[in-house]
Amino acid sequence: MSTSKNQVGLKETIAILSLYFISMGFTVVTPAMAKLAAAFPDNNFSLISTLPTLFVVFATLWAGTVAGKKVKYRTLALTGCIIFTVSGTLPAIVGGSFAFILVTRALVGIGLGLMAPLGNALIIGLYEGQKQAAYLGYGTLLMNGGGIVLQMLGGALADVGWKTTFFGHLLGIISIVCLIFLPEPAKAPVQPETSGKPAAKDKISPFVYAIAILFLLFNVLNYPVMLNMSLMFEMKGAGGATMAATALSLYTVAGCVAGFLFGTIFKMMKRFCLPIAFFLWAIGAYCIYIGKTMAVMSAGTILIGFAFSVIMPAAFTLVGMRTPPSTVAIGTSIIMALMNLGGFLSSFWLSLLKTICGENIYSPLLVETVIIAVLGVVFLIYNPFPKQPEQ
């Protein structure tokens with residue numbers, strides 16, 4: 001049964017937001033990477049962390065094309081969450097070879113990919129104006145908050161053993177229960193045929209592809225910075241792995257704050273929220289580049305985390321304003337797919353910088369600073385918002 005914009009109750013809202021809570025589910029194993037490296041010394045153990053992001057891309061694109069048309073949102077969400085929970089937990093129960101673990105990690109990516117475009121599409125389809133902006137921000141809050149919870153849980157379980165870490169995926173059971181109440185948005189009215197010809201289908205706005213390319217660029221630029229954080233802390237004498245982990249946690253916490261405040265930020269700043277966020281991001285990257293103390297480098301991660309968690313819901317607000325309702329699901333899936341693809345491609349970006357610059361620790365920061373600052377100038381001049389959002 002479809003739900004109109006005036007029929008979204010508390011349990012339906014909780015169900016929508018639960019999609020965000022486990023969206024960073026592939027990070028459960030991140031705290032156990034050292035133990036996984038020791039368990040599989042002759043294999044590329046980093047694939048256990050990165051492989052799911054590749055499969056998220058394919059599953060996300062497929063989910064976006066069928067969501068609300070051929071397959072119900074609830075069916076996609078429950079299927080994805082069950083796949084994530086079961087396949088993610090299997091290595092903890094049966095152990096298995098490295099190849100078996102990679103198969104389960106690919107399935108984890110597929111499960112997360114089936115859910116990836118649904119949250120933003122539902123919020124855009126079921127809420128309007130200021131409420132829509134606020135809930136997109138809350139989604140970003142829960143995405144970051146869920147990432148913190150999942151990594152803390154994974155870290156605690158990793159202290160017991162590498163196999164135990166995979167039990168962290170059982171947190172998906174909470175989302176499975178919530179997703180039973182996931183609403184279906186009302187379908188867009190079908191246009192009648194004219195002159196005996198079928199009605200023209202809505203086309204995906206080129207604006208969607210522009211945003212998707214930007215998000216791919218964001219992850220290509222920023223993923224290596226986060227990946228190299230512990231190494232940078234050691235090289236600069238700013239502290240060891242623990243200090244780097246603290247700085248990365250502050251990045252996520254800042255994202256939570258930005259997500260919580262996004263509705264208010266968007267209401268106050270409107271079109272200027274984007275250029276301001278880009279400038280804060282550029283300043284943050286430069287702080288990490290020049291910083292030699294934990295305080296300065298952590299300030300950089302805080303600024304980047306806050307900025308990105310303003311840009312992300314603002315981008316999806318724009319999607320809702322500039323695309324036909326019937327294309328929102330596929331539009332958001334394209335954006336999420338390319339964003340995850342950016343994380344996968346970042347390793348090739350690091351290799352290119354190594355070839356050109358002779359190192360790939362500091363050069364990514366400098367390039368990121370320049371490109372993000374340029375984007376800030378672009379959005380200061382260009383206003384992408386076609387109209388004032390409804391109040």
Residue pair Tyr20 / Asn120, side-chain heavy-atom distance below 4.5 Å: yes
Trp162 with Leu51, same ILVMFWY side-chain cluster at under 4.5 Å: yes
Heavy-atom neighbours of Phe260 CZ exceed 12 at 6.0 Å: no
Shortest non-hydrogen contact between Cys81 and Thr85, atoms and distance: O-OG1, 2.8 Å
Check: Ser309 side chain, Gly259 main-chain N or O, donor-acceptor pair, under 3.5 Å: no
Atom pair CZ (Phe278) and CD1 (Ile311), whose distance is rounded to the nearest 0.5 Å: 4.0 Å
Atom pair CG/CG of Asn360 and Leu350 - distance to nearest 0.5 Å: 5.0 Å
Approximate separation, where rounding is to 0.5 Å, of Leu90 CG and Thr104 OG1: 6.5 Å
Main-chain N/O of Ile372 paired with Glu368 side-chain donor or acceptor, under 3.5 Å: no
Ile83 with Val177, same ILVMFWY side-chain cluster at under 4.5 Å: no
Student check: side-chain heavy atoms of Thr13 and Tyr127 closer than 4.5 Å: yes
Residue pair Phe207 / Pro384, side-chain heavy-atom distance below 4.5 Å: yes
Tyr135 side-chain N/O to Leu17 backbone N/O, donor-acceptor pair under 3.5 Å: no
Working for side-chain contact (heavy atoms from CB on, under 4.5 Å), residues Leu19 and Leu122: CA-CA 10 Å; Leu19 287 164; Leu122 283 168; 4.2 Å; yes
Short side-chain to backbone donor-acceptor contact, Lys70 and Ala67, under 3.5 Å: no
Phe84 side, atom CZ; Met115 side, atom CE - distance, nearest 0.5 Å: 6.5 Å
Residues Trp281, Phe218; criterion ring pair (Phe, Tyr, Trp, His ring centres under 6.0 Å); working and verdict: CA-CA 11 Å; Trp281 184 339; Phe218 295 161; 5.1 Å; yes
side-chain contact (heavy atoms from CB on, under 4.5 Å) between Thr53 and Val57, intermediate numbers included: CA-CA 7 Å; Thr53 61; Val57 174; over 6 Å; no
pair Phe308-Phe215: side-chain heavy atoms closer than 4.5 Å: yes
Flag side-chain contact, heavy atom, 4.5 Å: Tyr251 against Asn222: yes
Check: Ser333 side chain, Ala63 main-chain N or O, donor-acceptor pair, under 3.5 Å: no
Cluster check Ile288, Met235: I/L/V/M/F/W/Y, side chain < 4.5 angstrom: yes
Lys236 (side chain) donor-acceptor with Gly291 (main chain) under 3.5 angstrom: yes
Non-hydrogen side-chain atoms of Leu76 and Trp62 separated by less than 4.5 Å: yes
Gap separating the CD1 atom of Ile290 from the CE atom of Met297, nearest 0.5 angstrom: 11.0 Å
Minimum heavy-atom distance His169-Val29, with the two atoms named: CE1-CG1, 4.2 Å
Heavy-atom closest pair, residues Leu280 and Ala307: CB-CB, 4.3 Å
Residues Ile148, Cys256; criterion side-chain contact (heavy atoms from CB on, under 4.5 Å); working and verdict: CA-CA 10 Å; Ile148 293 173; Cys256 290; 4.2 Å; yes
CA sep, side-chain torsions, deciding dist, call: Met336, Phe316, side-chain contact (heavy atoms from CB on, under 4.5 Å): CA-CA 10 Å; Met336 297 301 293; Phe316 285 111; 3.7 Å; yes
Donor-acceptor contact below 3.5 Å, side chain Arg74 vs main chain Ile180: yes
For Ile14 against Cys178, the heavy-atom pair lying closest together: CG2-SG, 4.1 Å
Exam field: side chain Thr140 to backbone Leu136, donor-acceptor pair closer than 3.5 Å: yes
Nearest heavy-atom neighbours spanning Thr369 and Ala285: OG1-CB, 3.4 Å
Phe40 atom CZ: more than 12 heavy-atom contacts under 6.0 Å: yes
Heavy atoms from other residues, nucleotides or ligands near OH of Tyr286 exceed 12 (cutoff 6.0 Å): no
Verify same cluster id: Leu250, Tyr289 (apolar side-chain graph, 4.5 Å): no
Student check: side-chain heavy atoms of Ser97 and Phe100 closer than 4.5 Å: yes
Shared hydrophobic cluster, Ile110 / Phe26 (ILVMFWY, side-chain heavy atoms < 4.5 Å): yes
CD1-OG distance between Ile22 and Ser18, expressed to the nearest 0.5 angstrom: 7.5 Å
Note, Ile176 side chain near Leu179 side chain (heavy atom, < 4.5 Å): no
Minimum heavy-atom distance Cys287-Gly300, with the two atoms named: CB-CA, 3.9 Å
Qualifying residue, where the test is side chain to side chain contact (heavy atoms under 4.5 Å, CB included) with Phe166 and the options are Thr89, Val108, Ile101, Ile93: Ile101
